[in-house]
2 protein chains.
Amino acid sequence: MPRPTGPPIGLALTRTAKAVSRAFDDALAAAGGSLPAWLIMISLKTRSLGNQRELAEAIGIRGATLTHHLNTMEADGLVIRRRDPANRRIHQVELTDRGETLFRQLAAAASTHDQRLRTGFSDEEIATLEQLLRRLQHNVSGEAHDRASRSDA
Amino acid sequence: MPRPTGPPIGLALTRTAKAVSRAFDDALAAAGGSLPAWLIMISLKTRSLGNQRELAEAIGIRGATLTHHLNTMEADGLVIRRRDPANRRIHQVELTDRGETLFRQLAAAASTHDQRLRTGFSDEEIATLEQLLRRLQHNVSGEAHDRASRSDA
DNA sequence: TATTGTTATACTCTATAACTATA
DNA sequence: TATAGTTATAGAGTATAACAATA
């Protein structure tokens, strides 16, 4: 069983992720939003999603958690849910005008945040970082590991 | 106001961080721990910290939040807190034998997780990743940005 | 019965404010 | 008064289990 060559990369990643995520949360909050709301809106705008389950999966949360956020967002007048006439089990989620406005504000905040993140990085370095991140994600998101492979229920 | 050159790096980072953090949380939980407990223990083991405030800062949480975790850990028999005879305001935190045992188990789990993360990465790529992460963290952890610079309270 | 989504409930992590103990 | 830490309380995000609606 070979040991890691250097200091745990997971620890460095955890620390950076915490600091960067917190900064991003703060930026979104200052613009009147939140990370889940932003992820939901960006998914609604950029992807063609069939149902809420796909939406939840795209964001990395469970269906009930998505419902929770949609309830808040609907109460805030950001989205409306209406049933699909063709299959009334499906609730179609749409941004309201107010939702569109907030989306643009959050997009601006995210852009500003991104420029702050990119400070001192060349385009090539950003590309390298993106590639490394993708590979990291792949390494953990592949097959479930041992712990989950035995089903005793 | 220049716009980002490519897709938001913050979004990619958020997604990767979420997936990797979740996998790490799961690994620690499977070993009988949690992320905060692990961060606390690793700080106790590797750093010489004067007081709990420094410990909290090292982990990136507030003092009251640290107390909360220490309460749980003490109830679980992982740490003990005793007052410094020289300055009885200071509570010295120490790992118990049971805490040491769990620390080793979590270290093993973290190591396994790290090897999973490193899959397919060369040492050079890991070094590059570490450097990029450090720079990202620096970009957000520096001076507070605009939002916070006007004090109206 | 299977699918889609919601409701009810609870857990974890975090935070702020008020408090106690010590100096 | 200032410093170290705790307690009380709250809020955000997430999850599972049970439920309702629709097919």
**OP:** Decide side-chain contact (heavy atoms from CB on, under 4.5 Å) for Phe24(B) and Val140(A); before the verdict, give the C-alpha distance in whole Å, the side-chain angles of both, and the deciding distance to 0.1 Å.
**Re:** CA-CA 9 Å; Phe24(B) 192 31; Val140(A) 298; over 6 Å; no
Considering only distance and modelled atom types, tabulate donor-acceptor pairs under 3.5 Å from the side chains of residues 88-95 of chain B, sequence neighbours left out.
unit_1: Arg89(B); atom_1: NE; unit_2: Asn87(B); atom_2: OD1; d: 3.3
unit_1: Glu94(B); atom_1: OE1; unit_2: Arg82(B); atom_2: NH1; d: 3.0
unit_1: Glu94(B); atom_1: OE2; unit_2: Arg82(B); atom_2: NH1; d: 2.6

Original post:
What is the distance, rounded to the nearest whole Å, between atom CZ of Arg22(B) and atom P of dG13(D)?
Top reply: 13 Å
**OP:** Send over the distance from Asp25(A) CG to dA15(C) P, rounded to a whole Å.
**Re:** 11 Å
Subject >> dC13(C) phosphate, OP1 or OP2, under 4.0 Å from Lys18(A) side-chain N/O >> reply: no
Subject >> Protein-nucleotide distance (Asn51(A), atom CG; dT6(C), atom P), rounded to Å >> reply: 11 Å
**OP:** For residues Leu28(A) and Trp38(A), report the shortest heavy-atom separation together with the two atoms involved.
**Re:** CD1-CB, 3.9 Å
Original post:
Where along residues 76-93 of chain A does a heavy atom come under 4.0 Å from DNA chain C, residue by residue in number order?
Top reply: Arg81(A), Arg89(A), Ile90(A), His91(A)
**OP:** To the nearest 0.5 Å, tell me how far Ile40(B) CD1 sits from His69(B) NE2.
**Re:** 6.0 Å
Original post:
For DNA chain D, which residues in residues 56-74 of chain A have a heavy atom at a distance below 4.0 Å?
Top reply: Ile61(A), Arg62(A), Ala64(A), Thr65(A), His68(A), His69(A)
**OP:** Test Lys18(B) against Leu39(A) for side-chain contact (heavy atoms from CB on, under 4.5 Å), laying out the working first.
**Re:** CA-CA 12 Å; Lys18(B) 188 175 213 165; Leu39(A) 293 176; 4.1 Å; yes
Original post:
Within a radius of less than 6.0 Å around CZ of Arg135(B), do more than 12 heavy atoms belonging to other residues, nucleotides or ligands occur?
Top reply: yes
Original post:
Any side-chain N or O of Gln52(B) under 4.0 Å from OP1/OP2 of dT3(D)?
Top reply: no
Original post:
dA2(D) P sits how many Å from Arg53(B) CZ, rounded?
Top reply: 14 Å
Subject >> Verify same cluster id: Leu102(A), Ile80(A) (apolar side-chain graph, 4.5 Å) >> reply: no
Original post:
Take atom CZ in Arg81(A); do more than 12 heavy atoms of anything else shown fall under 6.0 Å from it?
Top reply: yes
